[in-house]
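To keep things clear, I will list the structure first and then write my remarks on it.
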Amino acid sequence: MESPEFCSDSQDGESAFSDVPFAPEPLVYAVMAAFREDPSPLKLNLGIGVYRTEKSVYIPKPTYSNHPNFFSSVGLVVKTYRYYDLATHGLDFQGLLEDLSFAPPGSIVLLQACGHNPTGVDPTIQEWEQIRQFIRSKGLLPFFDSAYQGLVSGNLDADAQSVRLFVTDGGESLIAQSYSKNMALYGERVGALLIVCKTAEVAIEVESQLKLVIRPMYSNPPIHGASMVTAILKDREMYNEWTSDLKKMNDRLINIRQKLVNTLCDKGTPGDWSHIIRQVGMYSLSGLSQDQIAFITKEYHVYMSSDGRISMAGLSSRTVPHLVEAIHAAVTRVI
(Lines give C-alpha, C1' and ligand atoms only; values in the text may rest on other atoms or scores of the structure.)
Protein backbone atom coordinates (compact mmCIF):
# COMPACT_ATOMS: atom_id res chain seq x y z
CA MET A 1 0.00 0.00 0.00
CA GLU A 2 1.36 3.41 -0.96
CA SER A 3 1.90 5.90 1.82
CA PRO A 4 -0.26 9.03 1.78
CA GLU A 5 1.41 11.92 -0.01
CA PHE A 6 1.72 14.04 3.13
CA CYS A 7 3.55 11.20 4.90
CA SER A 8 6.15 10.85 2.13
CA ASP A 9 6.66 14.63 2.09
CA SER A 10 7.24 14.69 5.84
CA GLN A 11 9.89 12.02 5.48
CA ASP A 12 11.76 14.35 3.09
CA GLY A 13 11.94 16.97 5.82
CA GLU A 14 8.75 18.87 4.98
CA SER A 15 5.93 19.22 7.47
CA ALA A 16 2.63 17.52 6.83
CA PHE A 17 1.08 20.82 7.92
CA SER A 18 3.16 23.12 5.71
CA ASP A 19 0.06 24.28 3.82
CA VAL A 20 -1.80 25.31 6.99
CA PRO A 21 -2.05 29.14 6.93
CA PHE A 22 -1.27 31.24 9.98
CA ALA A 23 -4.40 32.37 11.79
CA PRO A 24 -4.22 35.79 13.48
CA GLU A 25 -4.82 35.71 17.20
CA PRO A 26 -8.35 36.72 18.29
CA LEU A 27 -8.35 40.33 19.46
CA VAL A 28 -9.22 39.57 23.08
CA TYR A 29 -6.32 37.10 23.32
CA ALA A 30 -3.95 39.57 21.71
CA VAL A 31 -4.89 42.16 24.35
CA MET A 32 -4.30 39.60 27.10
CA ALA A 33 -0.92 38.64 25.63
CA ALA A 34 0.15 42.28 25.41
CA PHE A 35 -0.90 42.80 29.03
CA ARG A 36 1.13 39.81 30.23
CA GLU A 37 4.24 41.02 28.41
CA ASP A 38 4.00 44.58 29.80
CA PRO A 39 6.51 44.95 32.68
CA SER A 40 4.93 48.13 34.03
CA PRO A 41 3.72 47.91 37.66
CA LEU A 42 0.87 50.24 36.68
CA LYS A 43 -0.58 47.93 34.04
CA LEU A 44 -4.32 47.35 34.24
CA ASN A 45 -6.31 44.68 32.41
CA LEU A 46 -9.85 45.80 31.57
CA GLY A 47 -10.26 43.51 28.59
CA ILE A 48 -10.94 40.04 29.96
CA GLY A 49 -14.53 39.38 31.00
CA VAL A 50 -13.80 37.60 34.26
CA TYR A 51 -15.13 38.69 37.64
CA ARG A 52 -12.46 39.85 40.08
CA THR A 53 -12.62 41.04 43.66
CA GLU A 54 -11.56 44.44 44.98
CA LYS A 55 -8.07 42.94 45.40
CA SER A 56 -8.09 41.68 41.79
CA VAL A 57 -8.45 38.03 42.82
CA TYR A 58 -10.06 36.12 39.96
CA ILE A 59 -12.22 33.67 41.90
CA PRO A 60 -14.05 35.45 44.75
CA LYS A 61 -15.07 32.41 46.75
CA PRO A 62 -15.21 28.69 45.95
CA THR A 63 -18.72 27.89 47.24
CA TYR A 64 -18.16 24.39 45.70
CA SER A 65 -23.24 45.90 16.39
CA ASN A 66 -24.56 48.75 15.09
CA HIS A 67 -25.42 47.95 11.42
CA PRO A 68 -26.83 44.86 9.69
CA ASN A 69 -24.27 42.48 8.24
CA PHE A 70 -24.81 39.36 6.15
CA PHE A 71 -22.72 36.25 5.70
CA SER A 72 -23.27 32.63 4.82
CA SER A 73 -21.87 29.63 6.68
CA VAL A 74 -22.66 26.05 5.74
CA GLY A 75 -25.95 27.19 4.29
CA LEU A 76 -26.94 29.21 7.37
CA VAL A 77 -27.63 32.86 6.62
CA VAL A 78 -26.94 35.11 9.60
CA LYS A 79 -27.98 38.72 9.94
CA THR A 80 -27.14 41.02 12.82
CA TYR A 81 -29.65 43.56 14.08
CA ARG A 82 -29.16 47.04 15.45
CA TYR A 83 -28.92 47.18 19.21
CA TYR A 84 -26.63 49.90 20.54
CA ASP A 85 -27.14 53.61 19.91
CA LEU A 86 -23.75 55.35 19.77
CA ALA A 87 -25.33 58.77 20.26
CA THR A 88 -27.22 57.97 23.46
CA HIS A 89 -25.01 55.10 24.70
CA GLY A 90 -28.27 53.23 25.15
CA LEU A 91 -30.58 50.80 23.39
CA ASP A 92 -31.59 51.45 19.78
CA PHE A 93 -35.02 49.98 20.42
CA GLN A 94 -36.71 51.14 17.23
CA GLY A 95 -33.74 50.04 15.13
CA LEU A 96 -33.88 46.62 16.77
CA LEU A 97 -37.57 46.15 15.95
CA GLU A 98 -37.13 47.52 12.44
CA ASP A 99 -34.35 45.05 11.64
CA LEU A 100 -36.29 42.13 13.13
CA SER A 101 -39.24 43.05 10.92
CA PHE A 102 -37.23 41.86 7.90
CA ALA A 103 -36.57 38.42 9.41
CA PRO A 104 -38.55 35.69 7.63
CA PRO A 105 -40.89 33.51 9.74
CA GLY A 106 -39.04 30.67 11.43
CA SER A 107 -35.84 32.69 11.86
CA ILE A 108 -33.93 32.18 15.10
CA VAL A 109 -33.29 35.41 17.00
CA LEU A 110 -30.29 35.37 19.34
CA LEU A 111 -30.91 37.44 22.48
CA GLN A 112 -28.87 38.02 25.62
CA ALA A 113 -30.98 37.44 28.71
CA CYS A 114 -29.28 40.12 30.81
CA GLY A 115 -25.97 41.93 31.21
CA HIS A 116 -25.52 42.49 27.48
CA ASN A 117 -21.95 41.98 26.29
CA PRO A 118 -20.26 44.23 25.20
CA THR A 119 -22.58 47.21 25.73
CA GLY A 120 -23.87 46.78 29.27
CA VAL A 121 -27.27 47.93 27.93
CA ASP A 122 -30.37 45.83 28.59
CA PRO A 123 -33.98 46.44 27.49
CA THR A 124 -36.38 47.40 30.26
CA ILE A 125 -39.00 44.82 31.23
CA GLN A 126 -41.57 46.87 29.27
CA GLU A 127 -39.30 46.79 26.20
CA TRP A 128 -38.77 43.06 26.67
CA GLU A 129 -42.55 42.59 26.60
CA GLN A 130 -42.77 44.52 23.32
CA ILE A 131 -39.90 42.45 21.90
CA ARG A 132 -41.73 39.28 22.97
CA GLN A 133 -44.96 40.34 21.31
CA PHE A 134 -43.12 41.32 18.14
CA ILE A 135 -41.15 38.05 17.92
CA ARG A 136 -44.27 35.94 18.52
CA SER A 137 -46.34 37.90 16.00
CA LYS A 138 -43.64 37.39 13.35
CA GLY A 139 -43.32 33.66 14.03
CA LEU A 140 -39.66 33.93 15.06
CA LEU A 141 -37.89 31.59 17.47
CA PRO A 142 -36.03 33.21 20.42
CA PHE A 143 -32.68 31.75 21.47
CA PHE A 144 -31.45 33.20 24.78
CA ASP A 145 -27.81 33.37 25.80
CA SER A 146 -27.84 33.51 29.62
CA ALA A 147 -24.31 33.93 30.93
CA TYR A 148 -24.66 36.68 33.55
CA GLN A 149 -27.71 35.80 35.61
CA GLY A 150 -27.38 37.37 39.05
CA LEU A 151 -24.66 39.80 37.99
CA VAL A 152 -27.02 42.55 36.81
CA SER A 153 -29.40 43.07 39.72
CA GLY A 154 -27.85 40.72 42.27
CA ASN A 155 -31.08 38.72 42.13
CA LEU A 156 -31.44 35.50 40.12
CA ASP A 157 -35.19 35.89 39.64
CA ALA A 158 -34.99 39.51 38.48
CA ASP A 159 -32.29 38.67 35.97
CA ALA A 160 -34.40 35.84 34.55
CA GLN A 161 -37.45 37.99 33.81
CA SER A 162 -36.75 38.34 30.09
CA VAL A 163 -36.53 34.57 29.61
CA ARG A 164 -39.59 33.86 31.74
CA LEU A 165 -41.73 36.23 29.67
CA PHE A 166 -41.13 33.96 26.69
CA VAL A 167 -41.29 30.66 28.56
CA THR A 168 -44.68 31.36 30.13
CA ASP A 169 -46.50 32.60 27.02
CA GLY A 170 -47.05 29.16 25.54
CA GLY A 171 -44.55 29.62 22.73
CA GLU A 172 -41.30 27.81 22.11
CA SER A 173 -37.83 29.00 23.11
CA LEU A 174 -34.20 27.95 23.37
CA ILE A 175 -32.00 28.93 26.30
CA ALA A 176 -28.26 28.41 26.65
CA GLN A 177 -27.37 28.73 30.34
CA SER A 178 -23.78 29.15 31.54
CA TYR A 179 -22.35 29.07 35.06
CA SER A 180 -18.87 30.24 34.10
CA LYS A 181 -19.39 33.77 35.40
CA ASN A 182 -21.92 33.55 38.22
CA MET A 183 -20.32 30.50 39.86
CA ALA A 184 -16.75 31.34 38.82
CA LEU A 185 -16.45 27.97 37.07
CA TYR A 186 -14.47 29.39 34.14
CA GLY A 187 -12.32 26.34 33.49
CA GLU A 188 -15.19 23.89 33.92
CA ARG A 189 -17.47 25.37 31.23
CA VAL A 190 -20.63 24.21 32.95
CA GLY A 191 -23.95 24.99 31.34
CA ALA A 192 -27.12 23.62 29.85
CA LEU A 193 -29.17 23.89 26.68
CA LEU A 194 -32.87 24.17 27.43
CA ILE A 195 -35.50 23.81 24.71
CA VAL A 196 -39.09 24.69 25.57
CA CYS A 197 -41.51 22.85 23.27
CA LYS A 198 -45.26 23.26 22.87
CA THR A 199 -46.11 19.63 23.63
CA ALA A 200 -44.56 16.67 25.40
CA GLU A 201 -44.63 14.72 22.14
CA VAL A 202 -42.58 17.36 20.33
CA ALA A 203 -40.16 17.49 23.28
CA ILE A 204 -39.51 13.75 22.99
CA GLU A 205 -38.75 14.10 19.27
CA VAL A 206 -36.45 17.09 19.83
CA GLU A 207 -34.61 15.25 22.60
CA SER A 208 -34.02 12.29 20.28
CA GLN A 209 -32.33 14.56 17.77
CA LEU A 210 -30.25 16.24 20.46
CA LYS A 211 -28.91 12.85 21.49
CA LEU A 212 -27.74 12.25 17.92
CA VAL A 213 -25.95 15.61 17.94
CA ILE A 214 -24.40 15.02 21.35
CA ARG A 215 -23.04 11.56 20.60
CA PRO A 216 -20.33 12.53 18.05
CA MET A 217 -19.52 15.81 19.83
CA TYR A 218 -18.72 14.65 23.34
CA SER A 219 -20.79 11.57 24.15
CA ASN A 220 -20.40 11.99 27.93
CA PRO A 221 -19.59 15.49 29.21
CA PRO A 222 -17.11 16.19 32.03
CA ILE A 223 -18.97 15.67 35.29
CA HIS A 224 -16.90 17.52 37.90
CA GLY A 225 -18.19 21.06 37.27
CA ALA A 226 -21.77 19.90 36.76
CA SER A 227 -21.62 18.02 40.06
CA MET A 228 -20.48 21.19 41.84
CA VAL A 229 -23.41 23.17 40.41
CA THR A 230 -25.85 20.39 41.29
CA ALA A 231 -24.58 20.22 44.86
CA ILE A 232 -24.97 23.98 45.34
CA LEU A 233 -28.44 24.12 43.82
CA LYS A 234 -29.69 21.19 45.91
CA ASP A 235 -28.28 22.31 49.27
CA ARG A 236 -30.24 25.19 50.81
CA GLU A 237 -27.33 26.45 52.90
CA MET A 238 -24.88 26.46 49.99
CA TYR A 239 -27.50 27.97 47.69
CA ASN A 240 -28.11 30.83 50.13
CA GLU A 241 -24.36 31.38 50.45
CA TRP A 242 -24.00 31.48 46.67
CA THR A 243 -26.82 33.98 46.16
CA SER A 244 -25.39 36.11 48.96
CA ASP A 245 -22.03 36.11 47.18
CA LEU A 246 -23.74 37.09 43.94
CA LYS A 247 -25.34 40.07 45.64
CA LYS A 248 -21.95 41.17 47.02
CA MET A 249 -20.37 40.80 43.58
CA ASN A 250 -23.13 42.84 41.99
CA ASP A 251 -22.93 45.54 44.66
CA ARG A 252 -19.20 45.87 43.99
CA LEU A 253 -19.80 46.31 40.26
CA ILE A 254 -22.41 49.02 40.92
CA ASN A 255 -20.15 50.80 43.40
CA ILE A 256 -17.16 50.76 41.05
CA ARG A 257 -19.29 52.24 38.25
CA GLN A 258 -20.37 55.06 40.54
CA LYS A 259 -16.84 55.67 41.76
CA LEU A 260 -15.51 55.84 38.20
CA VAL A 261 -18.12 58.38 37.13
CA ASN A 262 -17.72 60.45 40.28
CA THR A 263 -13.96 60.57 39.85
CA LEU A 264 -14.27 61.56 36.18
CA CYS A 265 -16.64 64.38 37.18
CA ASP A 266 -14.36 65.53 40.03
CA LYS A 267 -11.45 65.56 37.58
CA GLY A 268 -13.46 67.71 35.17
CA THR A 269 -13.03 65.24 32.33
CA PRO A 270 -14.88 66.53 29.25
CA GLY A 271 -17.98 64.63 28.21
CA ASP A 272 -21.06 63.06 29.75
CA TRP A 273 -20.10 59.81 31.48
CA SER A 274 -23.47 59.07 33.06
CA HIS A 275 -24.04 56.18 30.63
CA ILE A 276 -21.52 54.17 32.66
CA ILE A 277 -23.95 54.23 35.58
CA ARG A 278 -26.97 53.50 33.40
CA GLN A 279 -25.28 50.46 31.89
CA VAL A 280 -25.44 47.23 33.86
CA GLY A 281 -23.60 44.00 34.51
CA MET A 282 -19.93 43.32 33.97
CA TYR A 283 -19.31 45.60 30.99
CA SER A 284 -19.46 49.20 29.91
CA LEU A 285 -19.03 50.50 26.37
CA SER A 286 -17.08 53.62 27.25
CA GLY A 287 -17.37 55.58 24.00
CA LEU A 288 -13.60 55.98 23.69
CA SER A 289 -12.23 55.93 20.14
CA GLN A 290 -9.64 53.45 18.89
CA ASP A 291 -7.01 56.20 18.82
CA GLN A 292 -7.80 57.14 22.40
CA ILE A 293 -7.62 53.50 23.48
CA ALA A 294 -4.26 53.09 21.74
CA PHE A 295 -3.02 56.22 23.55
CA ILE A 296 -4.25 54.92 26.91
CA THR A 297 -2.53 51.58 26.38
CA LYS A 298 0.76 53.12 25.26
CA GLU A 299 1.00 55.93 27.80
CA TYR A 300 -0.86 54.49 30.80
CA HIS A 301 -0.56 50.69 30.33
CA VAL A 302 -4.34 50.21 30.45
CA TYR A 303 -5.59 47.37 28.26
CA MET A 304 -9.12 47.06 26.91
CA SER A 305 -10.96 45.99 23.76
CA SER A 306 -10.52 48.21 20.72
CA ASP A 307 -14.26 48.94 20.72
CA GLY A 308 -13.88 50.68 24.09
CA ARG A 309 -15.47 47.95 26.17
CA ILE A 310 -14.40 48.09 29.82
CA SER A 311 -14.66 45.03 32.01
CA MET A 312 -15.84 46.73 35.19
CA ALA A 313 -14.75 43.78 37.31
CA GLY A 314 -11.16 44.56 36.34
CA LEU A 315 -11.35 47.85 38.26
CA SER A 316 -10.93 48.46 41.98
CA SER A 317 -11.03 51.50 44.25
CA ARG A 318 -7.24 51.56 44.05
CA THR A 319 -7.06 51.54 40.23
CA VAL A 320 -9.96 53.88 39.39
CA PRO A 321 -7.81 57.04 39.79
CA HIS A 322 -5.23 55.65 37.35
CA LEU A 323 -7.92 54.89 34.75
CA VAL A 324 -9.43 58.34 35.21
CA GLU A 325 -6.02 59.96 34.62
CA ALA A 326 -5.70 57.90 31.45
CA ILE A 327 -9.19 58.72 30.16
CA HIS A 328 -8.80 62.42 30.99
CA ALA A 329 -5.50 62.61 29.10
CA ALA A 330 -6.95 60.73 26.15
CA VAL A 331 -10.07 62.85 25.68
CA THR A 332 -8.16 66.13 26.14
CA ARG A 333 -5.14 65.23 23.99
CA VAL A 334 -6.42 62.76 21.37
CA ILE A 335 -9.24 63.80 19.04
Side-chain angles (χ1 to χ4, degrees), residues 24-38 40 42-50 52 65-71 80-96 99 112 115-122 148 253 256-316 319-335:
E25 194 169 31
L27 183 58
V28 64
Y29 296 138
V31 172
M32 291 168 59
F35 173 80
R36 286 194 300 266
E37 295 169 4
D38 189 341
S40 173
L42 298 176
K43 66 180 182 179
L44 180 59
N45 186 358
L46 302 180
I48 186 171
V50 175
R52 281 173 277 180
S65 308
N66 300 321
H67 301 285
N69 178 37
F70 295 88
F71 65 91
T80 60
Y81 54 84
R82 280 174 287 177
Y83 188 87
Y84 187 71
D85 189 328
L86 289 170
T88 65
H89 300 290
L91 180 67
D92 184 357
F93 186 63
Q94 293 306 317
L96 182 156
D99 287 346
Q112 288 199 358
H116 188 271
N117 179 9
T119 67
V121 174
D122 285 354
Y148 306 103
L253 291 172
I256 211 68
R257 284 179 183 275
Q258 188 69 61
K259 186 174 183 63
L260 175 58
V261 172
N262 288 348
T263 309
L264 285 166
C265 292
D266 292 344
K267 180 74 174 177
T269 304
D272 180 4
W273 301 97
S274 61
H275 60 277
I276 294 177
I277 297 175
R278 294 195 303 272
Q279 293 165 355
V280 296
M282 291 184 63
Y283 307 107
S284 174
L285 210 53
S286 63
L288 295 168
S289 70
Q290 290 192 10
D291 289 341
Q292 290 170 336
I293 293 167
F295 171 85
I296 286 174
T297 300
K298 179 181 178 182
E299 300 296 333
Y300 288 86
H301 308 276
V302 176
Y303 295 81
M304 66 178 73
S305 302
S306 61
D307 60 2
R309 187 195 78 168
I310 294 175
S311 175
M312 299 306 298
L315 278 174
S316 67
T319 57
V320 161
H322 179 62
L323 177 60
V324 168
E325 289 291 335
I327 293 176
H328 185 87
V331 299
T332 54
R333 294 167 56 182
V334 181
I335 300 177

Nearest-0.5 Å distance, [atom1] of residue [X] to [atom2] of residue [Y]:
X	Y	atom1	atom2	result
S284	L46	OG	CG	10.5 Å
Y84	L91	OH	CG	10.5 Å
D92	Y81	CG	OH	12.0 Å
N262	I277	CG	CD1	6.0 Å
Y283	M304	OH	CE	14.0 Å

Out of R52, R257, M282, Q279, which residue meets the side-chain contact (heavy atoms from CB on, under 4.5 Å) rule with M312?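 Between M312 and the candidates, side-chain contact (heavy atoms from CB on, under 4.5 Å) is satisfied uniquely by R257.
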Among I296, T297, T319, exactly one meets side-chain contact (heavy atoms from CB on, under 4.5 Å) together with L44. Which residue is that? T319
Taking only residues two or more places apart in sequence or in another chain, which ones pass salt bridge (Lys or Arg N to Asp or Glu O under 4.0 Å) with K259?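 For K259, no residue satisfies salt bridge (Lys or Arg N to Asp or Glu O under 4.0 Å) once neighbours in sequence are set aside.
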Please enumerate all residues that pass side-chain hydrogen bond (donor to acceptor under 3.5 Å, both in side chains) together with D38, with sequence neighbours excluded. H301, Y303
Applying side-chain hydrogen bond (donor to acceptor under 3.5 Å, both in side chains) to S286 and not counting sequence neighbours gives none
Side chain Y148, main chain Q112, donor-acceptor under 3.5 Å: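 A pair under 3.5 Å: no.
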Could you go through residues 320-335 and list every donor-acceptor pair under 3.5 Å that involves a side-chain atom there, pairing it with any protein atom two or more places apart or in another chain?
from	atom 1	to	atom 2	distance (Å)
H322	NE2	Y300	O	2.8
E325	OE1	K267	NZ	3.4
E325	OE2	K267	NZ	3.0
H328	ND1	T269	OG1	3.0
T332	OG1	H328	O	2.6
T332	OG1	A329	O	3.3

Got a sec, which pairs hit side chain to side chain donor-acceptor pair (under 3.5 Å) with one end in residues 304-314, sequence neighbours left out? N117-R309
Which residues satisfy the ring-ring contact (aromatic ring centres under 6.0 Å, His included) test with H275, sequence neighbours excluded?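 H275: ring-ring contact (aromatic ring centres under 6.0 Å, His included) contacts with H89.
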